[in-house]
There are 2 protein chains.
Amino acid sequence: MPAQPDEVDLIVRSWERERPDLDFAPLRVLSRVDRLSHQLDAARRAAFAEPGLEPWEFDVLASLRRAGAPFTLSPKTLLTQNLVSSGTMTNRIDRLVARGLVRRETDPNDGRGILVVMTAAGRDAVDAAISALLAAESQLLSAITEREQESLSILLRRLGVDSK
Amino acid sequence: MPAQPDEVDLIVRSWERERPDLDFAPLRVLSRVDRLSHQLDAARRAAFAEPGLEPWEFDVLASLRRAGAPFTLSPKTLLTQNLVSSGTMTNRIDRLVARGLVRRETDPNDGRGILVVMTAAGRDAVDAAISALLAAESQLLSAITEREQESLSILLRRLGVDSK
DNA sequence: CACTATTATCTCGACTTCGAGAGACTTTGG
DNA sequence: CCAAAGTCTCTCGAAGTCGAGATAATAGTG
């Protein structure tokens with residue numbers, strides 16, 4: 001039935017042979033989501049090699065870039081958007097500061113906090129990286145038509161929205 | 001336009017405001033793949049809590065379970081199927097042995113190798129876990145119809161197959 | 001048969017992440 | 001205006017992963 005069987009088809013076939021009492025249909029969707037997510041990781045890593053960024057560096061700089069001028073956010077906002085722990089974000093900011101892509105400033109409105117400000121070098125890097133990322137993602141998606149991409153995004157959004 | 005906007009819509013909107021010269025359509029698909037993959041991680045972790053397995057434990061035991069009786073594979077096969085490094089697989093086998101879920105045997109046909117054999121306790125655990133996983137995944141997918149799940153899986157398979 | 005290349009497993013140090021807790025500051029409620 | 005509760009950032013130790021290298025055995029070649 002599959003137009004072109006993939007590894008997930010083989011895995012499901014093995015399961016069905018061993019456990020014919022169960023319905024493995026969910027694996028056909030979600031195991032592929034998992035595998036595609038790994039491919040995306042690899043594609044991102046490759047795309048960021050030229051602008052000289054690690055994926056995590058891009059993630060932090062992208063949050064700052066999207067915030068617009070003056071490209072400033074608190075560590076708290078950054079760790080929430082990037083889904084990492086506070087210790088991880090402290091470590092990431094340290095390394096971005098060491099590379100000269102951001103700097104720390106004191107928050108004039110809150111003595112507990114600081115502000116992370118993207119430097120000009122950081123902005124140059126992230127602007128180059130987002131173009132490379134979009135090219136790489138577009139390449140990954142080129143196996144299906146634009147119309148199919150849109151139905152895909154709509155189905156995926158419904159999976160995210162409803163499972164809150 | 002979106003039936004129900006999600007965080008990806010907000011991210012794309014920010015990017016479009018800052019970089020109106022770029023087309024962010026690929027993010028609508030692939031950022032959702034990434035987020036769904038994180039939700040799946042969480043769902044798996046929760047589903048395996050009752051049978052008492054960590055996600056990585058399930059992954060290794062599932063490979064052995066799918067292999068069928070006598071539930072035996074080499075470390076090399078396991079690390080290839082699970083996409084981890086050799087050091088990681090050694091470590092995982094060590095811990096599964098300590099928990100009594102697998103045991104190491106010498107390979108009669110290859111003096112370099114060993115065989116990882118799943119114990120009865122391991123089999124019981126993985127058989128309970130796969131049921132729990134399918135229930136959890138089914139729940140995650142309940143936001144869309146079965147017909148939609150099938151078109152989703154077909155589109156996702158084409159993305160994987162062609163990008164080899 | 002010897003010799004080289006390949007393969008399998010394990011070791012070990014570097015790296016990253018998490019998350020509980022510390023310390024400093026702010027907010028809330030009487 | 002004070003005390004308690006809450007919030008923000010950073011510290012630090014535990015845990016998991018990677019990947020190069022060590023060790024040992026097999027496979028291929030002449």
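Residue numbers begin at 1 in each chain, while the letters A, B, ... track the order of the sequences. Excluded from the calculations below are hydrogen atoms, water molecules and symmetry mates; all remaining heavy atoms, backbone and side chain alike, are included. Quick caveat, the model's predicted, so the values are computed rather than measured.
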Just to confirm, is there a sub-4.0 Å distance from OP1 or OP2 of [N] to any side-chain nitrogen or oxygen of [X]?
X      : N      : answer
B/R104 : C/dA8  : no
A/R95  : C/dC15 : no
A/T88  : C/dT17 : no

From A/R99 atom CZ to A/T119 atom OG1, the distance as rounded to the nearest 0.5 Å: 10.0 Å
Lys/Arg N to Asp/Glu carboxylate O, [X] vs [Y], below 4.0 Å:
X      : Y      : result
B/R95  : B/E54  : no
A/R28  : B/E150 : no
A/D110 : A/K76  : no

Listed once per pair and sorted, the side chain to side chain donor-acceptor pair (under 3.5 Å) pairs that draw on residues 18-27 of chain A, sequence neighbours left out: A/E18-B/R65, A/R19-A/D21, A/R19-B/D127
Give each protein N/O atom lying under 3.5 Å from an N/O atom of nucleotides 21-26 of chain D, with the pair distance.
residue : atom : partner : partner atom : Å
D/dT26  : OP1  : B/G111  : N            : 3.4

From A/L159, A/L30, A/V29, residue fulfilling side chain to side chain contact (heavy atoms under 4.5 Å, CB included) relative to B/L140: A/L30
Among C/dC10, D/dT17, C/dT17, the one nearest A/R92 by side-chain distance: C/dT17
Residue B/I114, side-chain atoms from C-beta onward, closest of D/dT17, C/dT9, D/dT9: C/dT9
What is the distance, to the nearest angstrom, from the [atom1] atom on [X] to the [atom2] atom on [N]?
X      : N      : atom1 : atom2 : result
B/D41  : C/dT17 : CG    : P     : 15 Å
B/N91  : C/dT11 : CG    : C1'   : 11 Å
B/D94  : D/dA15 : CG    : P     : 15 Å
B/L96  : C/dC10 : CG    : C1'   : 16 Å
B/M89  : D/dC18 : CE    : C1'   : 13 Å
A/L115 : D/dC8  : CG    : C1'   : 12 Å

Candidate pair A/T77 and A/V116, rule side-chain contact (heavy atoms from CB on, under 4.5 Å), full reasoning: CA-CA 10 Å; A/T77 304; A/V116 178; over 6 Å; no
Within residues 49-85 of chain A, residues whose heavy atoms come under 4.0 Å of DNA chain D: A/S74, A/P75, A/K76
Sugar-phosphate, base or nothing in reach of B/G113, heavy atoms under 4.0 Å: sugar-phosphate
Transitive ILVMFWY side-chain link A/V84 to A/W56, under 4.5 Å: yes
Main-chain N/O of A/L134 paired to A/E137 side chain as donor or acceptor, under 3.5 Å: no
